[in-house]
Amino acid sequence: MNIQPVIVEKVMRIRLLILAIFLATNAIAQTAFTDSINKHRDAYRADFLASSNSPLKSKEDLSYLRFYEPDSTYRVEATVQLTPKSEPFEMPTYNGQTRPHVDYAVLSFTLHGKPQQLTIYRNLNLIRLPQYRDYLFLPFKDATSSFATYGGGRYMDLRLSDIKNGRITLDFNKAYNPYCAYHEGYPCPIPPRKNTLNVAIEAGEKTYGKAH
């Protein structure tokens, strides 16, 4: 009896079973990730109606908020290189004012196989407030800016406690627009030139308004 075909068939079945388990596990993980991002966005929308300073005042206003579909490939681990000798500087804003900031660290990460770097900052006014004492600010632009996303760049909020063992998770699905994207006159910081990425970050919030 030639048992070779039987062995081959069993190996193929095992491989198919492993593949099916892998795909099912990935599907479950992606579903959990999508649910997490959707909950984050629900809270994000609610914050507009809760804030007296918000440029969006009604549920109708909120209906024009647009986002990329949740995509876990835009959730990356970055190494953190602190910059303790950085000098404070005035970061310009879109209404002509400035805000005192200081470089806190350089983040190095790989996105879709390409190495990238961004700098995170501390707002020297905000950190005087207890609720923002550990706040880190990440403004950036990318290849989608002025096209699919707001031309003035987008922001991400981080905390000192997010840094663990010299690493931090960056989830670009949580990138959001500054208030200037909805209404002029707000002192929205302009992302420094060194925080312009030459890749498209197709994650997070898109331009405000009806889909084209």
Side-chain angles (χ1 to χ4, degrees), residues 33 37-38 40-41 43-45 47-48 53-56 61-78 80 83 89-123 126 135-158 162 168-212:
F33 177 79
I37 295 300
N38 286 336
H40 174 83
R41 290 174 179 174
Y44 176 71
R45 293 184 183 94
D47 284 343
F48 281 106
N53 193 42
S54 171
L56 306 181
D61 292 339
L62 299 184
S63 68
Y64 296 115
L65 292 173
R66 301 189 301 127
F67 304 88
Y68 285 100
E69 290 298 317
D71 185 345
S72 60
T73 65
Y74 285 97
R75 187 176 188 271
V76 298
E77 292 291 319
V80 180
T83 54
F89 69 99
E90 292 291 327
M91 187 179 291
T93 72
Y94 283 112
N95 74 346
Q97 300 178 14
T98 61
R99 293 290 183 271
H101 283 76
V102 67
D103 293 19
Y104 182 75
V106 175
L107 308 182
S108 301
F109 57 97
T110 300
L111 184 64
H112 295 165
K114 296 181 180 180
Q116 309 292 338
Q117 281 193 337
L118 289 170
T119 298
I120 48 176
Y121 304 89
R122 300 195 80 186
N123 182 313
L126 278 184
Y135 176 70
L136 297 172
F137 178 51
L138 177 54
F140 71 94
K141 291 185 180 182
D142 66 279
T144 70
S145 301
S146 297
F147 298 99
T149 64
Y150 176 57
R154 292 180 288 169
Y155 301 160
M156 292 175 65
D157 296 332
L158 300 165
D162 294 329
I168 193 169
T169 298
L170 299 179
D171 191 346
F172 289 100
N173 292 275
K174 297 179 180 180
Y176 66 92
N177 290 337
Y179 276 3
C180 299
Y182 319 112
H183 198 283
E184 294 181 354
Y186 286 92
C188 307
I190 301 172
R193 185 173 299 177
K194 62 184 175 182
N195 269 20
T196 298
L197 300 174
N198 59 11
V199 295
I201 303 295
E202 296 177 322
E205 189 169 0
K206 294 183 176 182
T207 51
Y208 179 71
K210 297 180 179 179
H212 299 292

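All values below were derived from every heavy atom in this structure, side-chain atoms included, with hydrogens, water molecules and symmetry-related copies excluded.
- The shortest distance between side-chain heavy atoms of Ser146 and Lys141 does not fall below 4.5 Å.
- Scored by the side-chain hydrogen bond (donor to acceptor under 3.5 Å, both in side chains) test, Thr196 finds no partners at all (sequence neighbours excluded).
- Within the 3.5 Å criterion, the main-chain N or O of Pro139 finds a donor-acceptor partner in the side chain of Asn195.
- Nearest heavy-atom pair, Arg45 versus Leu62, reported as atom, atom and distance to 0.1 Å: O-CD1, 3.6 Å.
- Note that CZ of Phe67 and NE2 of His40 are 8.0 Å apart. Values are rounded to the nearest 0.5 Å.
- Scanning all heavy atoms of the two residues, the minimum distance from Arg154 to Ile201 falls at NH2-O, 2.9 Å.
- When every heavy atom of Leu118 is checked against every heavy atom of Leu197, the shortest pair comes out as CD2-CD2, 3.8 Å.
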List the atom pairs, donor and acceptor, that lie under 3.5 Å between side-chain atoms in residues 108-116 and the rest of the protein, sequence neighbours left out.
from, atom 1, to, atom 2, distance (Å)
Ser108, OG, Gln117, NE2, 3.0
His112, NE2, Thr73, OG1, 3.2

For this session: List the steps and the verdict of side-chain contact (heavy atoms from CB on, under 4.5 Å) for Asp103 and Lys194.
Result: CA-CA 12 Å; Asp103 293 19; Lys194 62 184 175 182; 2.7 Å; yes
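- Taking the side chain as every heavy atom from C-beta outward, Asp61 and Tyr208 approach each other to under 4.5 Å.
- The two residues Pro70 and Asn173 come nearest to each other via the heavy atoms CA-OD1, 3.4 Å.
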Show me the donor-acceptor pairs within less than 3.5 Å that the side chains of residues 174-192 make with the rest of the protein, sequence neighbours left out.
from, atom 1, to, atom 2, distance (Å)
Tyr176, OH, Asp157, OD1, 2.8
Tyr176, OH, Asp157, OD2, 3.2
Asn177, ND2, Glu205, OE2, 3.2
Asn177, ND2, Lys206, O, 2.9
Tyr182, OH, Tyr44, OH, 3.1
Tyr182, OH, Glu205, OE1, 3.3
Tyr182, OH, Glu205, OE2, 2.6
Tyr186, OH, Asn53, O, 2.9

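- Note that CG of Asp71 is 7.0 Å distant from CZ of Phe33, once rounded to the nearest 0.5 Å.
- Taking CG of Leu126 as the start and OH of Tyr135 as the end, the distance is 7.0 Å to the nearest 0.5 Å.
- At a threshold of 4.5 Å between non-hydrogen side-chain atoms, the residues Tyr121 and Val102 do not count as touching.
- In this structure a side-chain-to-backbone donor-acceptor pair under 3.5 Å is missing from Thr169 to Glu77.
- For the pair Thr149 (side chain) and Thr144 (backbone), a donor-acceptor distance under 3.5 Å is present.
- Residue Phe172 is tested with Phe140, Tyr155, Tyr74, Tyr68 for a ring pair (Phe, Tyr, Trp, His ring centres under 6.0 Å); the sole match is Phe140.
- In this structure, NE2 in His101 is found 11.0 Å from CZ in Arg122, a value given to the nearest 0.5 Å.
- For the residue pair Thr98 and Pro92, the shortest heavy atom distance occurs at CG2-CA, 4.1 Å.
- Between Leu158 and Leu170 there is a side-chain heavy-atom pair separated by less than 4.5 Å.
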